[in-house]
Trainee: 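Just passing along the structure, written as structure tokens.
Per chain, numbering begins at 1; letters A, B, ... match sequence-line order.
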Amino acid sequence: MEIFDFYRKDRWPHVFCPGCGNGAVMNCFYRAFNELGLELDKTAFVGGIGCSSRIPLYINSDALHTTHGRAIAFATGLKLAKPELKVVVFTGDGDLGAIGGNHFINGCRRNVDMTVICINNNIYGMTGGQASITTPHEFLSTTTPRGNKEYPFDLAEIAVAAGANYVARWTTRHVHELTKSIKAALQKKGFTFVEVVAQCPTNFGRRNRMADPTQMLEWMRESSIRRDKAKANAVDHVDLNLEGKITVGEFVDRNRECYEELIGVSKHG
Amino acid sequence: MEIFDFYRKDRWPHVFCPGCGNGAVMNCFYRAFNELGLELDKTAFVGGIGCSSRIPLYINSDALHTTHGRAIAFATGLKLAKPELKVVVFTGDGDLGAIGGNHFINGCRRNVDMTVICINNNIYGMTGGQASITTPHEFLSTTTPRGNKEYPFDLAEIAVAAGANYVARWTTRHVHELTKSIKAALQKKGFTFVEVVAQCPTNFGRRNRMADPTQMLEWMRESSIRRDKAKANAVDHVDLNLEGKITVGEFVDRNRECYEELIGVSKHG
Amino acid sequence: MKVAPGEFFLQGNEACVQGALASGVRFFAGYPITPSTEIAEGLAAKLDGKEGVFLQMEDEIACISAVIGASWGGVKSMTATSGPGFSLMQEAIGYAAMSETPIVIVDVMRGGPSTGQPTRASQGDVMQTRYGSHGDYQVIAFAPASVQEMFDLTVAAFNYSEKYRVPAFLLSDAEVGHMRGLLTIPDKLDIIGRKEKGIRRSDEAYDVPDELVRPFPVFGKGHRTMVTGMTHTDNSWIEPEDVKVHQELVKRLSEKVLRNRKDINKWELMCPGSKTMIVSYGSAALGAKEVAASDDKVGLLRLKSLWPFPEEPIAEVARNCDRILVSEMNLGMMYSEIKRVALENGCKKVELLSKIGGDPPTPSEFRHKLREMGVI
Amino acid sequence: MKVAPGEFFLQGNEACVQGALASGVRFFAGYPITPSTEIAEGLAAKLDGKEGVFLQMEDEIACISAVIGASWGGVKSMTATSGPGFSLMQEAIGYAAMSETPIVIVDVMRGGPSTGQPTRASQGDVMQTRYGSHGDYQVIAFAPASVQEMFDLTVAAFNYSEKYRVPAFLLSDAEVGHMRGLLTIPDKLDIIGRKEKGIRRSDEAYDVPDELVRPFPVFGKGHRTMVTGMTHTDNSWIEPEDVKVHQELVKRLSEKVLRNRKDINKWELMCPGSKTMIVSYGSAALGAKEVAASDDKVGLLRLKSLWPFPEEPIAEVARNCDRILVSEMNLGMMYSEIKRVALENGCKKVELLSKIGGDPPTPSEFRHKLREMGVI
Amino acid sequence: MKPVIDPKFCKACNICVYICPKKCYSKGSGIGETGYFTAVVSAAEKCYNHNREGKLLCELCILSCPDQAISWHEETEEEKKK
Amino acid sequence: MKPVIDPKFCKACNICVYICPKKCYSKGSGIGETGYFTAVVSAAEKCYNHNREGKLLCELCILSCPDQAISWHEETEEEKKK
Amino acid sequence: MDSQVRFSGFGGQGVILMGIVLARAAALYDRRVGGDGKEVRKSAIQTQSYGPSARGGHSKCDVKISDAEMLYPFVEVPDYLVIMSQQAYAKYIQERKPDTKIIIDPDLVFDRPKGDVYHISATTAAEETVGTRIVANVVMLGAFREISDIVSLESLERALLESVPKPTHDLNRSALKLGAKLASEAVEKRSKG
Amino acid sequence: MDSQVRFSGFGGQGVILMGIVLARAAALYDRRVGGDGKEVRKSAIQTQSYGPSARGGHSKCDVKISDAEMLYPFVEVPDYLVIMSQQAYAKYIQERKPDTKIIIDPDLVFDRPKGDVYHISATTAAEETVGTRIVANVVMLGAFREISDIVSLESLERALLESVPKPTHDLNRSALKLGAKLASEAVEKRSKG
Ligand SMILES: Cc1ncc(C[n+]2csc(CCOP(=O)(O)OP(=O)(O)O)c2C)c(N)n1
Ligand SMILES: Cc1ncc(C[n+]2csc(CCOP(=O)(O)OP(=O)(O)O)c2C)c(N)n1
Ligand code: SF4
Ligand code: SF4
Ligand code: SF4
Ligand code: SF4
Ligand code: SF4
Ligand code: SF4
Ligand SMILES: [Mg+2]
Ligand SMILES: [Mg+2]
């Protein structure tokens, strides 16, 4: 399958800004999906509301573009009603981690079989650059004109604590590692979570002296630190947040039984 | 201050069932509050909706009995509007961890100065015994007539991952330890969280062969394991949930700056 | 799951469970709330994963979201709640309307606003059902007044939801939901199935004029469906800035419900010729039934469906009577709509018997009011 | 925080920020949403912790909850949102009504239902404002039609919210919110402060009859206040099963707003004697202004407040004209209410100019409609 | 000091009976004012705090009683002798 | 194989220029069809995949291009000689 | 003709069950053959006052039984008022007609109402005779049936046994009989006294 | 009398700013003393088409200026139509009157409309003369003012400088002047041609 069998070419060029990180994630996702030989007609894509959440509408498959923050809840119903479908959620840091935080942690806990890809651009892109729950401390946004005083969530660590079967985080500066983790996530049963720190040059970069998307890629390269190394240095993730680092790597890979197995849901075609 | 200076004696006997764990938590809270010499008129109590969330109405102080799940959000506004108040939230496993999960994790992250006491009775007491996000695997409830197939949250671990300054869990079988942790929580600045596993004989015990409250206390005694021991045995918390253990102890004690300090909120009397 | 025909002594909420099962419900997501919880509990016992899924979720928003998601998986799906949960569901209800997703929502009404009276009956959510979500949309809502109607109108809600691809509501209340009485399940029931794209059946759903209701493209069948709550064209591409696209879409969503009022609306008429007519629904109408049965100066129009607003039966009644007494367990919500229609149709005296606090108006209270009005 | 008097060229949403600051807002919690975001952004710049707190929260439910909490801390507090966020706030809005918490909510309306048209204007939330939460309650809502009114009516919303201890709304829309124009901030503004328990001031708030509005017991002042969304007695003890307590409470909550309609309602009247009157509000009324100014066969009643429903000015207009043309940017929401009042007052021709999709009706469209009606 | 049960508050859960390491409490047998078989202090003299001044020891009963039905009282001269 | 940029899709972010370890890309200078200064493949012959068959190497550019504007194409005979 | 019955007591006594069993018996089983040879059905509706959870306090359960189709299913003023606690007495004694039959458990209700009153020591009798006060409600139900004769013993027993766990069937049958006995004694005593 | 102005182009060109500056100038500063010695005020409203975020595509900004109180503030059909991209041309060219003055940047608009058209090469001129195409919008604004004379140069400049960062004031002033120059040339050319 060529990339434009997978994506709806008639909608190109897509709506995302020049240099937006969403596109790189789309490339890696297509690559992983294709290399695994998965089928579009046996897969459904679900998104919330946000730039990142619009990706499902560009994929040549069934797409459920839902309400802000609730993608995982919609996906849960869809999956349990039609268990033979593979279900993939595309979401953003705001959609998943701010308004959708509760469905996120409960998704991890309930362990319904689905893969959730969160494009964390550290900002609300769609609405024009307000701080999100992952905007780093002291960074600027339209709602933090004096620098963000809050500290960010570590979404991947929370997913671990909440019980997801597979958790990884990479940046768009790690396209190969990212592709590999998406593959791992798609292959594993249960709730799997891949977070991608990605550039939003328009609404995050511009206000933080990184208007050029390549500056953002460079920032991600410099800030990334492998999770095993970070753990070895015994810094807890909250402290890491304080330092503005981005821990990357696979965070957990375990095999809790998924919810469908636990309730013995049968495939009603 | 005698206990019935602290509580509204004219409302006694309270509405809670015979043997309900809420009462023990009330005793320990009063004890901690009193021993620290805190003042009722400088403290406000906030609750959501649920048996546990009704405790604020019994305290001889300002009480905000809110909507289901939102107590922390209400408390956040109250505290930031009147920073000289000490703010304490009473909540339940359903109120805090199910419908209120998002405000819980964001409360931990934002680190507004407040103490949250969650009475985790593993069930929705008020509505008559439906499963909650902490009902142990395979336990019975009115909505899990074949045993609960989901696995429970570990609220305390999530609070750690989300960034709370102080996190402890005890059961009502640990009244002295609990009192000590409540004291520690009340003394520390920032978001502090004390989870108490407590008996609901009416709606949890009755359906799980522990109709007698003392059977429930005995169950808690048997299932409890100190967190340091558990950690030494290298079992991760999700695995612990699988085994039906209750890890108890202090989970974290750190000193992240609280939100008020970070934004430099001034006390406007 | 099959439901056995026969006679049963059940609670209203249990009859609703039976109605859902009889309609073929395959997915239920719920969050406990008094006085609706028995519906969740009943379905938890029945939907064991094999024949359908029962899911208790983290909150009501998750529930209705999952219910909509499940419907796109092609199964009949449903949730049940009461006031506070109903309020939380409003955003997603608008999404269901906009995305034309067939779902059923039961609201067992209790006293509001806010936490109010969790265990007492009210009819305070009837306008919320119509207007609770932002923007223009229409819904279908039924108001049962007995155990039997908890069953019958649950089935109706499922049927019309499928037929018109619209969220349908069962607006019950704490009295009807908790009342126990006889339920007769007939041998044969008319059940309308999903109006599925690519499958033509001689199904009643296909009676609906096609320019208003589109066939439903179930996920996973190669339709490559796009579903969205944004303004979209007929092939589902989002066009959030296009005035025309928005007008066509939103007007069609309303029209498909409003133009089919005759098909949807249901009511009971007692002593239709009377010069004084009571118009009421649900629990509030029960005292009126007794009055209308015993006094031939007074008739009753009992609405079994509230939305789309039953203009025609009310107009008919208004044209033929001198005065109308509206009775509801709120401060007068349907009253203003009914009054408008009555005035348009030449009936100038429209009065209100409003009763809140949990107890339905009694026959004595009706008689007292009618006496005040000089009717009896 | 003081607001400097003078003339400014600002966006509608920025004028709202100025109005809030002028009213003494000390707490704002918001969640970004188009087209209201500039209000949050404007207050983020001003409320820096010292003179007040700006908080961006995890969702709209958290925002309005925190806003209510802050109000109990004794400060003026506010949030701003649009349709989807407004829907999510409905449960807490009912709580604010039930607990009699003064708060201000701005809804900059966009096209719905659901995600709809995020950047386009509509008036689709006017009924939701009245009926969006479960149960019986009344609110106060203003509908600005200019940059200046974004300021003036924000101040009015704060004032009436404090005076009657009721949630008050500013129902703006994407056009008025984003329009830029002149704002004049006067030297002196009438600002109503918290009607605080234990403090008697010669404040306007105290004009309110005491049997309807109670003084507000700010937290932390030794009142040992109990606040609850459950049915409660006057000393705030919960009585969720008591019929009488519920009736008294809920009726009082409604009455305190309804009985003070004269004080609250605001409107503009152009060519009042005309035989044809347009009744409209917000953006939808702007085209009508031009028509009414240029054609003396046509007058205009422009409602600046929508709730409590302005019965009196509409009745007055209806009594003196032959026909009414209602214009709104929805499918006809206020229309039915207006029609009812018109009919009651002898005006039998009530027509609707409804326009959705984002653009307010133009003067030409008004003229076209009036021509169709045979008026001009 | 001795523990005393307030029969107006006790709901007869018998947690005191279970929790007291010294077996000072026993189940009640007669119906109390509230319709419950309230527990009774049957052996106050076994309590750690019997005839003790200053900071109280143990207190498991008081901290565990869900209904705030137990409180400390001075012993009578007679009781002190036990 | 050689990378080719589709000027209908390229939005001139220059990520390819930044990311390519072999400096195969350079910034564009003329305005493209879409109004952007689309990037250009200025040194395809330096690519790891120049004159290579089978599994492609590196691919940082293709995976990183936000607009799916880069794709692989057969080289012409002439290009192969470079 | 309608019969309106109210059972009241405190939470945990099984007052609700009494009403459910009575209504169930009337609705499903108590059908006689009428003069025209057709089955004559009763309609019966049970309603209740529903407090938060199972926390003591008073509890109320109403049953309305009608020979015709049920129109208004709620009890306005009861024809029969069964009271099993002092709290319930205080709360519900006012709502009665002059001819309302009142049945109390004199060991749990301390006040003594005037009027058409039957004293049935259901709780004590249950404990003493069948060995457990758990079935005091069934004893009272048996007594109520004997006094009211609204439904037949057979249909009441059938409805009862459907509503309780199998192993307790004998116990419940005995309790029902015991109630009937207490009632006849009470009636006798009244007619004598 | 009302003047209706529409600026259009693509996102990022600063089309919105043009409208804001014009409206601001008219509303706040462009006040003349009338015949009666009193200050005569204009009222001015700026509105815009507001797409999702800053993602290219077309962009539109309307200004309506009135000598009296503003009643209807939206532009129905513009008196002046300024177009700075081909996309915007395609979208907005239809909405005009026979006498609408059209001002285009001929280097960015490829079609050539008929009617009262002015060609202002604002983008090229900005790059070549003041050294950056960033101020092409200001150049165009200067040209527009020169052609329309709706507001005075002084008030426009004042409003402009209030809306841009201090360090760019000189640049912006030059751009405005450059626009005026281009406009006089264009007018001259037209009158000749
Ligand atoms: C209930 C609700 N609140 C707010 C919004 C407005 N909104 C749309 S997208 C968005 C933020 C999206 O942020 P994120 O998920 O990080 O996506 P991004 O655009 O950054 O990819 C918001 C707040 C909405 N649509 N619905
Ligand atoms: C929005 C909303 N949904 C549901 C309810 C019903 N409700 C009341 S309390 C409660 C559960 C309380 O459980 P928990 O917080 O664990 O408290 P507990 O009673 O067990 O102490 C629920 C679901 C409600 N009041 N509001
Ligand atoms: S706003 Fe940010 S996230 Fe959205 S498309 Fe533009 S660059 Fe991407
Ligand atoms: S239901 Fe459970 S939690 Fe509630 S009061 Fe009773 S025992 Fe306590
Ligand atoms: S613990 Fe308290 S309530 Fe329980 S039996 Fe003992 S004294 Fe009574
Ligand atoms: S203090 Fe300890 S020893 Fe004494 S009565 Fe209480 S539990 Fe028993
Ligand atoms: S990365 Fe892609 S979009 Fe960006 S400049 Fe290169 S080819 Fe163009
Ligand atoms: S594959 Fe690698 S070396 Fe070749 S062009 Fe792309 S980035 Fe450069
Ligand atoms: Mg984002
Ligand atoms: Mg609980």
Trainee: Taking every heavy-atom pair that is under 4.5 Å apart, which of D/G83, D/G332, D/S354, D/G358 has the most such pairs with chain C?
Mentor: D/G83
Trainee: Quick check: do C/P240 and D/R120 have side-chain heavy atoms less than 4.5 Å from each other?
Mentor: no
Trainee: Who among C/S82, C/G94, C/G111 has the most heavy-atom pairs with chain D under 4.5 Å?
Mentor: C/G94
Trainee: Do D/P84 and C/H134 make a side-chain contact, defined as non-hydrogen atoms from C-beta onward lying under 4.5 Å apart?
Mentor: yes
Trainee: Mind running side-chain contact (heavy atoms from CB on, under 4.5 Å) on D/M127 and C/R130 for me, showing each step along the way?
Mentor: CA-CA 9 Å; D/M127 291 305 269; C/R130 169 74 184 84; over 6 Å; no
Trainee: Is it the backbone or the side chain of D/L249 that comes under 4.5 Å from a heavy atom of chain C, or both, or neither?
Mentor: neither
Trainee: Among C/I356, C/D125, C/D359, C/L343, which residue has the highest count of heavy-atom pairs closer than 4.5 Å to chain D?
Mentor: C/I356
Trainee: Check this for me: does any side-chain nitrogen of one of D/E344 and C/K348 sit under 4.0 Å from a carboxylate oxygen of the other?
Mentor: no
Trainee: Do you know which of C/S254, C/G357, C/S114 has the most heavy-atom pairs under 4.5 Å to chain D?
Mentor: C/S114
Trainee: Rounded to the nearest 0.5 Å, what separation is found between the CZ atom of D/F86 and the CD atom of C/E91?
Mentor: 13.0 Å
Trainee: Among D/I93, D/N330, D/V341, who wins on heavy-atom pairs under 4.5 Å with chain C?
Mentor: D/N330
Trainee: May I ask you to check whether D/E337 and C/S336 show a side-chain donor-acceptor distance below 3.5 Å?
Mentor: yes
Trainee: Which atoms of C/S122 are under 4.5 Å from chain D, going by heavy atoms: the side chain, the backbone, both sets, or neither?
Mentor: neither
Trainee: Between chain C and each of D/M89, D/Q123, D/Q247, count heavy-atom pairs under 4.5 Å; write down the option with the most.
Mentor: D/Q247
Trainee: For chain D, which candidate among C/S99, C/G112, C/S87 shows the most heavy-atom pairs at distances under 4.5 Å?
Mentor: C/S87
Trainee: Look up atom CD in C/E239 and atom CD in D/Q117, then write down how far apart they are to the nearest 0.5 Å.
Mentor: 10.5 Å
Trainee: Check each atom of D/D242 against the heavy atoms of chain C and say whether the ones under 4.5 Å are side chain, backbone, both or neither.
Mentor: backbone
Trainee: In terms of heavy-atom pairs under 4.5 Å with chain C, which of D/T231, D/L88, D/V126, D/I238 leads?
Mentor: D/T231
Trainee: Can you tell which part of C/I61 gets under 4.5 Å to a heavy atom of chain D, answering side chain, backbone, both or neither?
Mentor: side chain
Trainee: Specify which of C/A97, C/G124, C/G116 makes the most heavy-atom pairs with chain D at under 4.5 Å.
Mentor: C/G116
Trainee: Is it true that a side-chain atom of C/D136 and a backbone atom of D/L331 form a donor plus acceptor pair closer than 3.5 Å?
Mentor: yes
Trainee: Which one wins on heavy-atom pair count under 4.5 Å against chain C: D/R110, D/M230, D/K251?
Mentor: D/M230
Trainee: Counting heavy-atom pairs closer than 4.5 Å to chain D, which one of C/K339, C/Q90, C/K244 comes out on top?
Mentor: C/K339
Trainee: Can you find a pair of side-chain heavy atoms, one from D/E241 and one from C/P118, that are under 4.5 Å apart?
Mentor: no
Trainee: Answer yes if the side chains of C/Q128 and D/S133 hold a donor-acceptor pair under 3.5 Å, and no otherwise.
Mentor: no
Trainee: Side chains of C/T115 and D/T228, heavy atoms from C-beta outward: is any pair under 4.5 Å?
Mentor: no
Trainee: Given a strict heavy-atom distance threshold of 4.5 Å, which part of D/Y95 is in contact with chain C: side chain, backbone, both, or neither?
Mentor: both
